[in-house]
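Owing to the predicted nature of the structure, the values given are computational and were not obtained by experimental measurement. As the structure lists them, so they are numbered: ligands from 1, and atoms in each ligand from 1.
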Amino acid sequence: MAEVAYEPVIGLEIHVQLKTATKMFCGCALSFGEEPNTRTCPVCLGLPGTLPVVNEQAVRYGLEIGLALGCELAPRSIFHRKNYFYPDLPKGYQVSQYDIPLARDGRLGDVRIHRVHLEEDAAKLVHAGASGRIHSAEASDVDFNRGGTPLVEIVSEPDLRDAASAAEWLRLLRATLRRLGVSDVNMEEGSLRCDANVSLRPAGSEQLGVKTELKNMNSFRFIERGIDAEIARQEGILRGGGRIEQETLHYDVRSGAISSLRSKEEAHDYRYFPEPDLVPIVPTAEMVERARAAIPELPADRAARFAGELGLAEGQARLLAFRTEVGDFYEAALAAGAGAVEAPALANWTCNDLLAALGEGADPAGSKVTPAALAGLVGMVSAKEISNSAAREVLAKLVADGGDPAAIVAAAGLGRADEGELAAVVERAMADQADAVEKVRAGNAKAIGAIVGAVMRETKGRADGGEVQRLIRERL
Ligand code: ADP
Ligand code: ZN
Ligand code: MG
């Protein structure tokens with residue numbers, strides 16, 4: 001009997017810390033690593049008798065996110081109390097949204113968005129060993145600085161089918177949020193946190209299988225690995241005739257092991273009820289218009305424009321669009337080239353050579369290379385004034401010292417060897433490499449490499465490999 005093939009089904013829940021000036025329901029400033037418990041007040045400490053007030057900037061950011069994700073905005077949404085006990089939650093409940101979220105039914109790329117809602121973050125537990133402050137090995141401290149930070153939770157529909165696409169989609173979401181400027185979206189620092197829901201079903205089945213939830217993975221690599229590990233674990237259980245338990249899981253990045261945190265809680269476990277101390281959110285037409293106007297060209301649209309209008313390869317279009325600062329540099333260089341440089345060639349130089357020379361994650365705008373200099377360099381390559389290898393040398397000089405590429409070429413004598421000069425060098429090299437010439441004539445095409453190499457050495461990389469080959473072949 002043929003083995004059943006299983007199809008993975010994945011849905012993501014993403015928590016985004018908003019970059020507002022103050023917390024969700026009080027006037028405390030957001031904390032970025034300050035002394036513990038210095039960004040607190042009676043409201044975010046949950047003292048009795050205090051009253052929360054909704055942060056207008058958080059609502060605005062929430063509306064922008066909803067609109068950017070193509071959602072319908074609720075004409076009126078309300079807050080609920082989600083009740084549970086944990087030491088990082090002094091009130092005994094989290095203020096969140098429940099049956100009427102701020103926004104719902106959207107789409108980003110190929111994935112539908114189920115809902116977008118506002119809530120507050122919990123405080124942070126500092127476990128023994130993580131800080132020198134704690135005296136007992138069993139104790140943990142609570143730092144309330146993070147408590148009450150505004151969060152937007154984004155819940156996708158279960159539209160993803162493998163771990164790599166889940167990570168890729170999350171990259172698109174992160175780029176979109178970053179472009180909106182509503183969050184630092186830093187996974188290591190926890191301003192973007194992702195839970196992955198995973199289930200399997202027999203391929204071809206329409207029905208969803210029982211899912212598990214992998215909590216709080218803090219890098220793209222771990223999300224991908226965690227999902228793959230969970231798919232493998234579930235497949236093992238199903239093939240062994242077992243059943244999947246609905247539970248919340250932890251993926252240990254060091255060992256690769258998956259362990260159970262708790263059996264899955266149901267909504268009724270939280271005793272959700274409407275928050276009586278907060279008024280409903282009723283966005284006015286003016287607020288919606290303002291949010292809409294604040295949305296710039298988003299990465300998915302920019303990538304489509306780069307691929308469609310500029311003819312860039314998909315991967316490069318995405319790289320340039322997902323890293324706004326690189327895309328901006330590229331477009332500035334394209335404008336500086338004023339039609340004299342071809343968009344795909346410029347994209348190659350930007351994505352491959354420039355980024356490699358600057359180092360991973362660098363912002364080209366902060367380097368000594370100006371957009372005009374890069375455009376000038378690529379223009380000289382296209383006009384065949386310099387060879388590719390000479391251009392790389394010039395780029396290295398631009399990265400180190402800045403300057404004008406044409407001036408560098410002139411000063412260093414990097415201009416392309418002209419045909420007469422090159423022909424002479426080729427003839428000399430062929431005379432010196434008589435062996436190689438014989439081999440090529442006898443049908444060993446690869447032997448031409450030795451002759452090309454000799455020419456390149458002689459011209460110090462100022463010749464074009466293709467042209468050298470042509471000149472050699474003409475003389476064979
Ligand atoms: P819960 O009530 O357990 O929170 P939801 O229906 O609210 O479940 O969905 C939470 C997340 O899990 C969403 O991202 C959703 O797309 C995803 N999800 C729901 N069912 C499945 C399933 N069977 N397999 C994988 N993901 C799922
Ligand atoms: Zn406060
Ligand atoms: Mg849910």
Polar protein atoms near the Zn ion (ligand 2) [N, O or S; cut-off under 2.8 Å]: Cys26 SG, Cys28 SG, Cys41 SG, Cys44 SG
Ligand 1 versus Leu12: contacting region, heavy-atom distance under 4.0 Å: backbone
Ligand-side contact atoms (ligand 1) for residue partner Val9, heavy atom cut-off under 4.0 Å: 24 (N), 25 (C)
Atoms in ligand 1 with a heavy atom of Val155 nearer than 4.0 Å: 13 (C), 14 (O)
Numbered atoms of ligand 1 (with element) below 4.0 Å of Pro158, judged on heavy atoms: 16 (O), 26 (N), 27 (C)
Proximity winner for atom 3 (O) of ligand 1, if only heavy atoms of Arg112, Glu213, Lys211 are counted: Lys211
Arg171 to Phe220 six-membered ring, cation-pi geometry met (6.0 Å, 45°): yes
Contact partition for Asn197 relative to ligand 1, non-hydrogen atoms under 4.0 Å: both
Lys/Arg-Asp/Glu bridge criterion (N-O < 4.0 Å) met for Arg221, Glu224: no
Sidechain N-carboxylate O distance under 4.0 Å for Glu235, Arg239: yes
NZ/NE/NH1/NH2 to OD/OE distance under 4.0 Å, Arg115 and Glu72: no
Ring centres under 6.0 angstrom apart (Phe25, Phe79): yes
Closest to atom 15 (C) of ligand 1 among Ser156, Ser199, Gly209, Ala196 (heavy-atom distance): Ser156
Aromatic ring pairing Tyr98/Tyr272, orientation class (parallel under 30°, perpendicular over 60°, tilted between): parallel
Heavy-atom closest pair, residues Gly256 and Ala229: O-CB, 4.4 Å
Ionic contact status for Asp353 with Arg392, cut-off 4.0 Å: yes
Cationic N near anionic O, under 4.0 Å, Arg233 to Asp228: no
Contact check, Glu157 vs ligand 1, heavy-atom distance below 4.0 Å: yes
For Glu120, the option from Lys23, Lys82, Lys91 that meets salt bridge (Lys or Arg N to Asp or Glu O under 4.0 Å): Lys91
